[in-house]
Student: 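Structure provided below as structure tokens; questions to follow.
The sequence lines fix the lettering, A, B, ..., with proteins before strands; numbering per chain opens at 1. Just so it is clear, the model here is predicted, and its values are computed rather than measured.
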2 protein chains.
Amino acid sequence: MLTERQRMILNAIVDDYISSAEPVGSRSISKRGDVGYSPATIRNEMADLEELGYLEQPHTSAGRIPSHKGYRYYVDHLVPWNSAESAEMGTIRAFFAEKLNATEQVIQHAAMILSNMTNYTSILLGPEVFHTSLRHFQLLPLDGNNAVAIIVTSTGQVENRTVQIPPEISLSEMEKVVNLLNSKLVNVPLYKLKSQLYSELGEEMQRHISHYEELMQVLDKALESDHEQRIYLSGATNMLTQPEFKDVDKVKTILDLLEETPTLLKMLAPASGGTGIQVRIGTENKHEAFANCSLITASYSLDGKALGSIGILGPTRMEYARVMGILGIISRDLTAMLAHWYK
Amino acid sequence: MLTERQRMILNAIVDDYISSAEPVGSRSISKRGDVGYSPATIRNEMADLEELGYLEQPHTSAGRIPSHKGYRYYVDHLVPWNSAESAEMGTIRAFFAEKLNATEQVIQHAAMILSNMTNYTSILLGPEVFHTSLRHFQLLPLDGNNAVAIIVTSTGQVENRTVQIPPEISLSEMEKVVNLLNSKLVNVPLYKLKSQLYSELGEEMQRHISHYEELMQVLDKALESDHEQRIYLSGATNMLTQPEFKDVDKVKTILDLLEETPTLLKMLAPASGGTGIQVRIGTENKHEAFANCSLITASYSLDGKALGSIGILGPTRMEYARVMGILGIISRDLTAMLAHWYK
DNA sequence: GTTAGCACTCTGTCGAGATGAGTGCTAACC
DNA sequence: GGTTAGCACTCATCTCGACAGAGTGCTAAC
């Protein structure tokens with residue numbers, strides 16, 4: 001659709017604008033050297049590109065800035081791939097060489113590294129406990145009324161919550177049930193846990209145990225999925241360094257949204273379905289507050305199942321090439337690491 | 001030292017400035033009505049107060065603003081106490097009426113409530129695991145190499161970490177040790193755990209167990225105090241709404257500091273020593289970035305031992321009365337709740 | 001098809017003047 | 001002697017016009 005020259009010029013404009021944040025004029029493109037035409041020629045092409053919707057003019061007599069469509073084209077066709085490979089590899093490799101002794105720590109640390117390297121905001125979705133399976137279940141009495149329920153998953157994550165135990169349930173009975181549960185439900189995926197609890201154990205328990213109803217309620221509560229996904233946010237304040245966000249009020253609405261877990265989940269969730277690196281530009285994001293932001297996401301997985309995702313949030317004027325490169329490497333390495341860990 | 005009239009005027013100025021964020025002039029004080037003097041008289045007193053160091057003038061012909069010393073005097077002698085009791089009690093009571101089933105959730109929720117009610121930033125230090133004691137210890141093999149170590153404290157908190165198990169240690173041996181540990185070290189405070197491990201179990205284990213050295217290393221790692229205190233931050237973006245922080249760069253340095261756990265720990269730590277509500281104004285805070293901020297802290301406790309602390313960070317021009325009231329209530333209620341829970 | 005030239009447009013900046021809030025001082029008042 | 005009215009003075013902020021600069025669109029020449 002676009003001529004080779006138009007692509008070159010569009011590419012030059014996006015590149016320039018990404019690094020300068022100022023509308024770029026025909027003269028500065030001409031001077032760059034990689035497009036060997038005079039300002040006048042470039043002006044003509046720019047007018048065409050604007051008509052086609054790839055560029056915008058803040059006002060007459062200002063330079064052009066890329067439109068969302070322009071960014072989209074850039075990301076889809078012009079981004080110079082693999083550029084990050086050489087430059088940032090060192091930092092990333094160093095990170096993965098460090099021994100960290102919990103998945104959670106790795107993820108958290110990765111979030112920090114990412115935001116530091118990119119100077120944007122990184123959003124990491126912790127491993128989805130949902131798809132891992134039960135390794136061990138335990139109910140530990142604290143005092144007369146309360147007990148801690150502990151669930152260990154196949155990936156070594158530990159979930160816990162306190163539950164109230166009705167006084168009519170005896171300790172020995174509880175122990176019996178917990179043993180039963182461990183013998184029958186180990187290796188069952190967490191999301192199937194509750195249904196299997198009823199189908200596999202229901203009958204047997206009803207026969208052997210006196211306070212079936214009450215006990216079931218306790219277990220129900222203990223296995224309840226408060227297994228919400230954990231979100232790790234890092235470098236939120238990097239938003240403040242971007243010239244387009246010098247208006248405090250706009251930043252405030254964005255940062256406020258970033259404090260809301262559900263919003264973040266919604267933003268990252270659909271990405272975990274697709275494969276590879278996804279870019280959502282400006283209004284392609286659900287929230288209108290993110291109209292001037294782009295979100296680049298990737299996901300990491302275990303045994304082919306997507307476990308969680310990684311996102312980088314920045315202004316639409318974002319260093320797509322670099323970020324996409326880094327994100328690709330990190331998601332790949334994270335996947336590899338998990339695989340190696342729980343092989 | 002100050003005359004009654006000077007106190008009245010200082011009080012009026014601080015009050016006014018707190019709500020307006022603009023230097024306050026003699027006329028507006030006179031018009032308030034609670035100080036029954038003409039602007040001229042008030043001007044004279046203001047000049048005196050400035051000489052004494054309680055007030056400052058941004059420039060000639062601007063109104064006065066309180067100096068740090070002025071705020072200090074206000075907080076120490078003029079703050080109208082108990083004002084919050086009636087107004088905000090409802091919200092707080094409603095919060096504590098809600099059933100939440102984990103200490104962690106309560107703290108996290110409390111942070112949110114606090115920042116919402118005050119429109120400042122709230123910083124909560126989670127319960128100090130350090131002073132609670134061991135309830136149960138467990139080592140759960142994941143695969144050939146790794147195991148999850150789980151520590152349950154007397155307050156029902158669950159800590160976990162993955163450790164590597166050298167292949168030469170057998171499962172049955174490990175079980176033996178864990179049982180020994182549970183029988184001998186239950187109810188020992190966590191901070192004494194390691195030393196007691198050696199003094200109480202050292203000999204016995206050396207006799208019965210073959211790979212003493214290796215096993216000790218595993219336990220050492222498992223019991224290591226990664227029990228860092230958890231920090232819950234809420235409403236950090238509220239900083240952005242304050243007119244004194246409309247300069248993006250200053251806010252950035254503050255928000256960046258708030259992302260650093262060690263900084264927050266340092267800021268809140270000394271407060272847990274003292275009793276009651278503490279106010280640190282401007283440069284009384286350690287970091288120079290917080291020169292324009294005040295931090296109000298309180299702590300909550302269990303069995304008389306301070307477990308953690310609560311802080312509210314805002315501009316020096318802060319609603320001291322309200323915040324101190326609210327903080328007082330919350331810390332009291334939090335303490336009461338913990339006591340009731342683990343009575 | 002490409003480029004030089006030129007008129008035109010729009011923004012950002014700078015300085016001058018106007019505005020207004022607030023002070024400090026003096027003198028009058030109770 | 002404490003209190004207040006009056007007045008000159010100061011300083012920040014707002015407004016407005018002029019001006020420079022960057023960039024465009026168009027036309028005509030190459």
Side-chain angles (χ1 to χ4, degrees), chain A residues 2-10 12-17 19-67 70 243-244 246-247 317, chain B residues 2-10 12-17 19-67 70 243-244 246-247 317:
Chain A
L2 295 186
T3 69
E4 187 54 36
R5 195 167 70 185
Q6 283 175 323
R7 294 160 57 114
M8 272 174 60
I9 291 177
L10 179 57
I13 291 176
V14 176
D15 266 1
D16 239 50
Y17 186 64
S19 55
S20 75
E22 308 262 287
V24 0
S26 53
R27 222 177 91 88
S28 54
I29 294 296
S30 174
K31 273 201 299 192
R32 281 170 50 117
D34 52 351
V35 188
Y37 294 96
S38 77
T41 311
I42 291 173
R43 273 207 292 283
N44 287 330
E45 294 287 24
M46 279 162 81
D48 290 350
L49 282 170
E50 183 174 358
E51 217 167 307
L52 290 169
Y54 293 99
L55 296 179
E56 286 173 352
Q57 225 174 353
H59 56 85
T60 1
S61 93
R64 304 300 210 291
I65 64 176
S67 66
E244 38 263 272
K246 65 173 186 291
D247 176 12
R317 181 189 62 77
Chain B
L2 294 187
T3 68
E4 186 55 35
R5 193 166 73 185
Q6 284 174 323
R7 293 159 58 112
M8 271 174 60
I9 291 177
L10 178 56
I13 291 176
V14 176
D15 266 2
D16 238 51
Y17 185 65
S19 55
S20 75
E22 309 261 287
V24 1
S26 52
R27 223 177 92 85
S28 51
I29 294 295
S30 174
K31 274 201 298 189
R32 280 169 53 117
D34 53 350
V35 189
Y37 294 97
S38 76
T41 310
I42 293 173
R43 272 207 294 282
N44 287 329
E45 294 286 26
M46 280 163 80
D48 289 350
L49 283 170
E50 182 173 357
E51 218 166 304
L52 290 168
Y54 295 98
L55 295 180
E56 286 173 351
Q57 225 174 354
H59 56 88
T60 358
S61 94
R64 304 302 209 289
I65 62 175
S67 67
E244 37 264 272
K246 63 176 189 288
D247 175 12
R317 182 190 62 76

Student: State the pairing partner of D:dT27; accept Watson-Crick or G-U wobble contacts with both distances under 3.5 Å, and report none otherwise.
Tutor: C:dA4
Student: Does OP1 or OP2 of C:dC10 have a side-chain N or O of A:Thr60 closer than 4.0 Å?
Tutor: yes
Student: Reckon A:Arg64 has a side-chain N or O less than 4.0 Å from the OP1 or OP2 of D:dG25?
Tutor: yes
Student: Donor-acceptor pair under 3.5 Å: do we get one between B:Ser61's side chain and the base of D:dT10?
Tutor: yes
Student: Tell me the partner of C:dT11, counting only Watson-Crick (N1-N3 plus N6-O4 or O6-N4) or G-U wobble (N1-O2 and O6-N3) with both under 3.5 Å; none if nothing fits.
Tutor: D:dA20
Student: Nearest-Å distance, NZ (A:Lys246) to C1' (C:dG12)?
Tutor: 12 Å
Student: When B:Arg64 is tested against each of B:Glu56, B:Glu51, B:Glu50 for salt bridge (charged side-chain N to carboxylate O under 4.0 Å, His left out), which residue passes?
Tutor: B:Glu50
Student: With the side chain of A:Ala40 defined as its heavy atoms from C-beta on, choose the nearest nucleotide among C:dA4, C:dC10, D:dC11.
Tutor: C:dA4
Student: Starting from P on C:dA21, measure out to CD1 on B:Ile29 and report it in whole angstrom.
Tutor: 16 Å
Student: Measure from the side-chain heavy atoms of A:His59 and tell me the nearest of D:dG25, C:dC10, C:dT23.
Tutor: C:dC10
Student: What integer distance in Å separates B:Asn44:CG from D:dT3:P?
Tutor: 9 Å
Student: Between the base of D:dG23 and the side chain of A:Arg27, is there a donor and acceptor pair under 3.5 angstrom?
Tutor: no
Student: Can you measure from CD1 (A:Ile13) to CD1 (A:Ile65) and round to the nearest 0.5 angstrom?
Tutor: 11.0 Å
Student: What is the distance from atom CG of B:Asp34 to atom CD1 of B:Ile9, rounded to the nearest 0.5 Å?
Tutor: 10.0 Å
Student: Is there a donor-acceptor contact under 3.5 Å from the side chain of B:Ser26 to the main chain of B:Ile42?
Tutor: no
Student: Quick one: look up who C:dA18 pairs with, Watson-Crick or G-U, both distances under 3.5 Å, and put none if it's unpaired.
Tutor: D:dT13
Student: How many whole angstroms separate atom CD1 of B:Ile42 from atom C1' of C:dT23?
Tutor: 14 Å
Student: OP1 or OP2 of D:dT24 less than 4.0 angstrom from a side-chain nitrogen or oxygen of A:Ser26, does that happen here?
Tutor: yes
Student: Name the closest nucleotide to the B:Thr41 side chain, picking from C:dT23, D:dC26, D:dT4.
Tutor: D:dT4
Student: To the nearest 0.5 Å, how far apart are CZ in A:Arg43 and CZ in A:Arg27?
Tutor: 10.5 Å
Student: Using only side-chain N and O atoms of A:Arg5, determine if any of them is under 4.0 Å from OP1 or OP2 of C:dT2.
Tutor: yes
Student: Please state whether the phosphate of D:dT3, meaning OP1 or OP2, lies under 4.0 angstrom from any side-chain nitrogen or oxygen of B:Ser38.
Tutor: no
Student: Any idea which of C:dG24, D:dG25, C:dT2 is nearest the A:Tyr37 side chain?
Tutor: C:dT2
